[in-house]
Amino acid sequence: MIAKRRYEALKTIVVTIVLSVTAMTIGAQDFLSTKTVTLKKSSGKASYSASVEFPTDGAPAVVKEVMQWINIVLETDGENRRDFQSILQNSCDNFFGYGEDWKRDIQIERDYEDSRIVTFISSVTDTDNEKWVAEDCATFSKKDGHRLTLDEIFLCGEDDIKYLMWEYRDDISLDVDEPAGLAPINGGFIDGWVLVTSPAHNANSRIFRLRYEEIVSYLKKHSEGYY
């Protein structure tokens, strides 16, 4: 009788461990695996440098959308999706094809991820006589891979978004002198912050970082997490 009880108790423990490990495995599969690939090349006065964190494994819909966005940032055609070095080489060749004597630096990295979303940040800096910047943020839903829009993030209207961006502009140099002159483009989330992009001085777009806890009343509410 005692042996039987010990057996049943041991069986319960084993089943519990198996279920826990299975749950952990499923949870781990929800998060992207990534690989950072770099490329540097110079020719005369021109130079190209890129460091890109590519998704290598994860939910297919998410990986597909992230790769499409990365190819847009790199100005590539999206071929050879798994040959990351070739993608960067394609981007590099396109840059030198312009025939201009400037420098380009590209940085793309995963900046935040939880069980519901993943966010990538990009920065493209072109330097000739002046420095020109294009920053972007892209937050993707783990549910279906789609990229979140400002309408999915904010409860308020565009004028309030512009006001918040103005309040949190920090050291971003602008060519406008009031919130109405800002032009919100894209949005996303990182840990503790809401991101919004807009054109700025010498920039096609800059990332404005808004403190999440301080602007939560302007955001759409969800049962848990950011989205």
Side-chain angles (χ1 to χ4, degrees), residues 27-28 30-32 34 36 51-53 55 58-59 61-62 65-66 68-70 72-73 105-125 131-227:
D30 290 337
F31 284 76
L32 296 182
T34 62
T36 298
S51 175
V52 179
E53 187 174 358
V62 179
E65 293 299 322
V66 172
Q68 288 181 346
W69 173 76
I70 288 176
I72 290 173
V73 175
D105 180 74
I106 301 174
Q107 302 287 328
I108 301 176
E109 63 181 2
R110 174 178 52 181
D111 204 88
Y112 177 77
E113 185 169 8
D114 60 27
S115 62
R116 294 170 178 257
I117 58 173
V118 58
T119 298
F120 281 75
I121 303 292
S122 70
S123 175
V124 180
T125 303
K131 182 178 292 185
W132 298 86
V133 178
E135 296 178 338
D136 197 12
C137 61
T139 295
F140 302 91
S141 166
K142 292 286 191 70
K143 183 178 180 180
D144 57 13
H146 83 276
R147 182 180 183 180
L148 271 59
T149 65
L150 291 174
D151 287 340
E152 293 178 280
I153 297 171
F154 287 94
L155 182 65
C156 61
E158 186 175 276
D159 287 344
D160 285 330
I161 297 174
K162 291 179 179 180
Y163 165 76
L164 294 172
M165 295 169 68
W166 187 263
E167 292 297 303
Y168 286 89
R169 65 190 185 277
D170 293 330
D171 61 350
I172 295 177
S173 180
L174 301 171
D175 292 325
V176 298
D177 55 10
E178 59 181 358
L182 296 173
I185 305 171
N186 295 311
F189 295 102
I190 58 174
D191 193 16
W193 301 87
V194 180
L195 309 181
V196 184
T197 61
S198 172
H201 180 67
N202 280 16
N204 291 334
S205 58
R206 290 290 307 274
I207 295 176
F208 292 68
R209 290 167 168 80
L210 321 179
R211 173 61 76 177
Y212 179 85
E213 292 182 355
E214 297 175 358
I215 69 164
V216 69
S217 62
Y218 292 88
L219 306 174
K220 289 190 174 178
K221 295 179 174 59
H222 302 281
S223 58
E224 61 179 275
Y226 295 119
Y227 176 75

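Note: hydrogens, waters and symmetry copies are ignored here, and every other heavy atom, side chains too, is used. Keep in mind it's a predicted model, so treat the numbers as computed, not measured.
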Distance, nearest 0.5 Å, that separates [atom1] of [X] from [atom2] of [Y]:
X	Y	atom1	atom2	value
I121	E135	CD1	CD	8.5 Å
D151	T149	CG	OG1	5.0 Å
K143	I117	NZ	CD1	14.5 Å
I190	R110	CD1	CZ	14.0 Å
R206	I185	CZ	CD1	12.5 Å
I72	Q68	CD1	CD	7.0 Å

Taking the side chain as C-beta and beyond, is there a heavy-atom pair between [X] and [Y] under 4.5 Å?
X	Y	value
F208	L182	yes
S122	I106	no
E109	F120	no
K131	T125	yes
P184	F154	no

Are K142 and Y227 in a cation-pi setup, meaning NZ or CZ lies under 6.0 angstrom from the ring centre and within 45 degrees of the ring axis?
no
With E65, which residues qualify under salt bridge (charged side-chain N to carboxylate O under 4.0 Å, His left out), at least two apart?
none
Salt bridge (charged side-chain N to carboxylate O under 4.0 Å, His left out) with R116: which residues, sequence neighbours excluded?
E224
Show the nearest heavy-atom pair for residues [X] and [Y], with the distance to one decimal.
X	Y	answer
G187	C137	C-SG, 3.8 Å
A183	S198	N-OG, 3.1 Å
I153	G188	CD1-N, 3.5 Å
V176	G181	CG1-O, 3.7 Å
S123	V133	OG-CG1, 4.4 Å
L155	S217	CD2-O, 4.1 Å

Kindly write out the residues that satisfy side chain to side chain contact (heavy atoms under 4.5 Å, CB included) with Y212, not counting sequence neighbours, or none if the list is empty.
F189, V194, V216, L219, Y226
Can you check side-chain contact (heavy atoms from CB on, under 4.5 Å) on W132 and N202, steps first, answer last?
CA-CA 5 Å; W132 298 86; N202 280 16; 3.7 Å; yes
Applying side-chain hydrogen bond (donor to acceptor under 3.5 Å, both in side chains) to E214 and not counting sequence neighbours gives Y168
What pairs meet the side chain to side chain donor-acceptor pair (under 3.5 Å) rule with one or both residues in residues 173-189, with sequence neighbours excluded?
D136-N186, D175-H201
Test: side chain to side chain donor-acceptor pair (under 3.5 Å). Region: residues 156-167. Which pairs qualify, not counting sequence neighbours?
E158-K162
With side-chain contact (heavy atoms from CB on, under 4.5 Å) as the test, would you mind laying out the steps for L195 and R209 before giving the verdict?
CA-CA 5 Å; L195 309 181; R209 290 167 168 80; 3.4 Å; yes
Would you confirm whether S205, through its side chain, and A134, through its main-chain N or O, come within 3.5 Å as a donor-acceptor pair?
no
Run the side-chain contact (heavy atoms from CB on, under 4.5 Å) check on T36 and S51 step by step: do they pass?
CA-CA 7 Å; T36 298; S51 175; 3.6 Å; yes
